[in-house]
Structure formats: C-alpha cells, structure tokens
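When a residue number appears, it is its place in the shown sequence, counting from 1.
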Amino acid sequence: MNRKLENSELDRLDVASFKKAKKSPIIIILDNVRSLNNIGSVFRTADAFLVQKIYLCGITATPPHKDIRKTALGATESVDWEYRKDTLELVKELKGEGVKIASVEQAENAVMLNDYAAEPEETIALIFGNEVKGVSQDVVSASDTVLEIPQFGTKHSLNISVSTGIVVWDIWSKQRALK
C-alpha cells in the first residue's frame, strides 16, 4: 500500500531558499493573458520548475490580486516577475541578450513539441498568448521558433495554464536529460 506524503515530508524550498537556488534556463512570457486564475496557475508552474522569471505583458494583470493569489498559492512571492507594456519590445531586448524566443502557437512551420530538441544550458523564453487570440502575430513573426503542442481530438486549443505546464515540463525535462 502507498501512503500519501504530508506536506512536511515533501522537502520543499522556502521562499528565501528558492530565491537563492539555481534556476532553470526557462523564461515565461504572458502576452495579453486575460484570466487572473490562469496567471496564478502559471506562477505555480514556474515555481515548480525553478523558472528564471515571468514577464507579464500588455493587458496581463500583475500581483497582488486576490484571484491571482488564489491559484498561485504564494508563488508570486517566490518567482521573479516583471510587467512590460509591449511584448514585442521585450522579445527584441531578450533576443539581443542571446535568449532564444519560442512562441507556443499553431502556425505555419511550427515545430511539434515532441520533436523539439532543447539545448541543456540555452536560455529559452516561452511565449503564451491571449486565451482567444493567442500570441500576437508580430510576436510570432519575431520568434526564433514556434512550438506547437500536438493534439488529436476535436478541440483546437488547450487552456493556457495547461499549455504552460506541458511545455515547461517538456523543455525542463529535455534540458535536464542532456546535462
């Protein structure tokens, strides 16, 4: 029989230790995300995989907000974040710093996530877009690559917080496997 572990047995970092921990070479950019619950969920995913930073762009709300806090469960305190008005300007800035830019979108010439070869130490910024319109076309056009999550059912999209979890886990696990 398997016994569920108590929270005290999970050996998790406290906020101060998280801040000092070596981060994964992953950045998350939210491009005009509307749902406060989705934003909070993205913070929790970022915390789980030691993401370097989250950029909240355009109409994306910022902490502190009770609906973000409700789903983030404290991750807004551990994960570094910054608000930027213009996603495209941020993309240009990060590219200038040598960060690889990947929009997560359905687009011509997109690379299926399962076929994407992550580099172990390469910093990659993953851009997730608006729940209805997706990542802005100008941002997709400025990206180094476009990643698509393969889907096989009748629906053409996933919730942004689900997409973030899938993509961050995939990139994180591929990078760790190559170390």
Side-chain angles (χ1 to χ4, degrees), residues 2-91 94 101-106 113 123-136 139 147-149 151 153-173 175-176:
N2 295 324
R3 179 184 64 82
K4 288 175 44 177
L5 297 175
E6 300 291 329
N7 283 347
S8 61
E9 298 175 278
L10 294 177
D11 196 32
R12 297 292 192 246
L13 300 174
D14 59 26
V15 173
S17 298
F18 182 96
K19 294 282 189 187
K20 294 176 188 171
K22 183 177 190 289
K23 303 298 184 287
S24 62
I26 298 172
I27 295 168
I28 295 173
I29 299 173
L30 299 184
D31 180 30
N32 292 303
V33 172
R34 295 177 310 163
S35 166
L36 300 169
N37 291 324
N38 282 339
I39 296 164
S41 293
V42 169
F43 268 93
R44 274 178 62 192
T45 297
D47 178 276
F49 297 104
L50 290 167
V51 165
Q52 280 183 22
K53 191 171 193 173
I54 298 175
Y55 286 96
L56 307 168
C57 301
I59 66 165
T60 308
T62 61
H65 192 286
K66 67 180 175 78
D67 289 332
I68 294 174
R69 188 172 36 248
K70 183 170 75 173
T71 52
L73 295 178
T76 57
E77 304 303 317
S78 57
V79 178
D80 287 341
W81 65 271
E82 183 178 333
Y83 174 79
R84 293 294 187 92
K85 182 176 180 170
D86 190 300
T87 308
L88 184 58
E89 290 293 322
L90 172 62
V91 165
L94 291 174
I101 307 296
S103 286
V104 179
E105 190 57 83
Q106 296 163 328
L113 183 60
T123 301
I124 184 168
L126 302 168
I127 306 172
F128 299 89
N130 178 276
E131 292 87 346
V132 175
K133 298 177 182 178
V135 178
S136 307
V139 173
L147 299 176
E148 182 176 338
I149 301 168
Q151 298 174 56
T154 61
K155 300 302 173 196
H156 66 282
S157 66
L158 295 165
N159 178 283
I160 182 175
S161 65
V162 171
S163 295
T164 303
I166 291 169
V167 176
V168 170
W169 162 251
D170 185 80
I171 301 298
W172 183 86
S173 62
Q175 287 178 326
R176 289 186 56 93

**Heavy-atom closest contact (Ile127 atom, Val135 atom, distance)** = O-CG2, 3.7 Å
**Item:** Contacts of Glu9 that satisfy salt bridge (Lys or Arg N to Asp or Glu O under 4.0 Å) - sequence neighbours left out
**Value:** Arg3
**Request:** Sequence neighbours left out, what passes side chain to side chain donor-acceptor pair (under 3.5 Å) with Ser163? Give chain and number order.
**Result:** none
**Thr62 vs Ile39 side-chain heavy atoms within contact, under 4.5 Å** = no
**Request:** With rounding to the nearest 0.5 Å, note down the distance linking CD1 in Ile26 to CD1 in Ile54.
**Result:** 11.5 Å
**Minimum side-chain heavy-atom gap Leu126-Leu147 below 4.5 Å** = yes
**Fill in**
Distance col, row Lys20:NZ vs Leu13:CG, nearest 0.5 angstrom, shows 11.5 Å
**Message:** Holding to side chain to side chain contact (heavy atoms under 4.5 Å, CB included), I want the full list of residues that pass it with Thr123, two or more places apart in sequence or in another chain.
**Reply:** Pro25, Ile27, Gln52, Val99
**Request:** Kindly write out the residues that satisfy side chain to side chain contact (heavy atoms under 4.5 Å, CB included) with Glu131, not counting sequence neighbours, or none if the list is empty.
**Result:** Val33, Arg34, Ser35, Asn38, Ile160
**Message:** Test of understanding: with salt bridge (Lys or Arg N to Asp or Glu O under 4.0 Å), list the residues that count as partners of Arg69, not counting sequence neighbours.
**Reply:** none
**Request:** State, yes or no, whether a side-chain contact exists between Ile149 and Val167 at a heavy-atom distance under 4.5 Å.
**Result:** yes
**Complete:** With sequence neighbours left out, the residues meeting side chain to side chain contact (heavy atoms under 4.5 Å, CB included) with Asp14 are Ala16, Ser17
**Request:** Evaluate the side-chain proximity of Val139 to Ser103: yes if any heavy-atom separation is below 4.5 Å, no if none is.
**Result:** yes
**Asked** Which heavy atom in Pro63 sits nearest to a heavy atom in Ile68, and how many Å separate them?
**Response** N-CD1, 4.0 Å
**Request:** Take Leu94 and Ile29, measure what side-chain contact (heavy atoms from CB on, under 4.5 Å) needs, and give me the verdict at the end.
**Result:** CA-CA 11 Å; Leu94 291 174; Ile29 299 173; 3.8 Å; yes
**Fill in**
Residue pairs passing the salt bridge (charged side-chain N to carboxylate O under 4.0 Å, His left out) test with at least one member in residues 75-85, sequence neighbours excluded, are Lys19-Asp80, Lys53-Glu82, Glu82-Arg84, Arg84-Glu93
**Prompt:** How close do Leu30 and Thr60 get, heavy atom to heavy atom, and via which atoms?
**Reply:** O-OG1, 3.4 Å
**Partner residues of Thr154 under the side chain to side chain contact (heavy atoms under 4.5 Å, CB included) criterion, sequence neighbours left out** = none
**Item:** Inter- and intrachain pairs under salt bridge (charged side-chain N to carboxylate O under 4.0 Å, His left out), touching residues 161-171, at least two apart
**Value:** Asp170-Lys174
Just list the side-chain donor-acceptor pairs under 3.5 Å for residues 40-48, sequence neighbours left out, or say none.
residue	atom	partner	partner atom	Å
Ser41	OG	Asn37	O	3.1
Arg44	NH1	Thr71	O	3.2
Thr45	OG1	Ser41	O	3.3
Asp47	OD2	Ser78	OG	2.6

**Request:** For Gly134 and Asp31, work out which heavy atoms get closest and say how close.
**Result:** O-OD2, 4.3 Å
**Prompt:** Do Asn32 side-chain atoms and Asn130 backbone N/O form a donor-acceptor pair below 3.5 Å?
**Reply:** no
**Request:** Taking the side chain as every heavy atom from C-beta outward, state whether Cys57 and Leu90 have any atom pair closer than 4.5 Å.
**Result:** yes
**Message:** Going by the rule side chain to side chain donor-acceptor pair (under 3.5 Å), which residues pair with Ser24 if we only count those two or more places apart in sequence or in a different chain?
**Reply:** none
**Request:** Mind listing the closest non-hydrogen atom pair of Trp169 and Phe49 along with its distance?
**Result:** CE3-CE2, 3.4 Å
**Complete:** Asp67 meets the salt bridge (Lys or Arg N to Asp or Glu O under 4.0 Å) criterion, sequence neighbours left out, with none
**Item:** Nearest non-hydrogen partners of Phe18 and Leu50, listed with the distance
**Value:** CE1-CD2, 3.3 Å
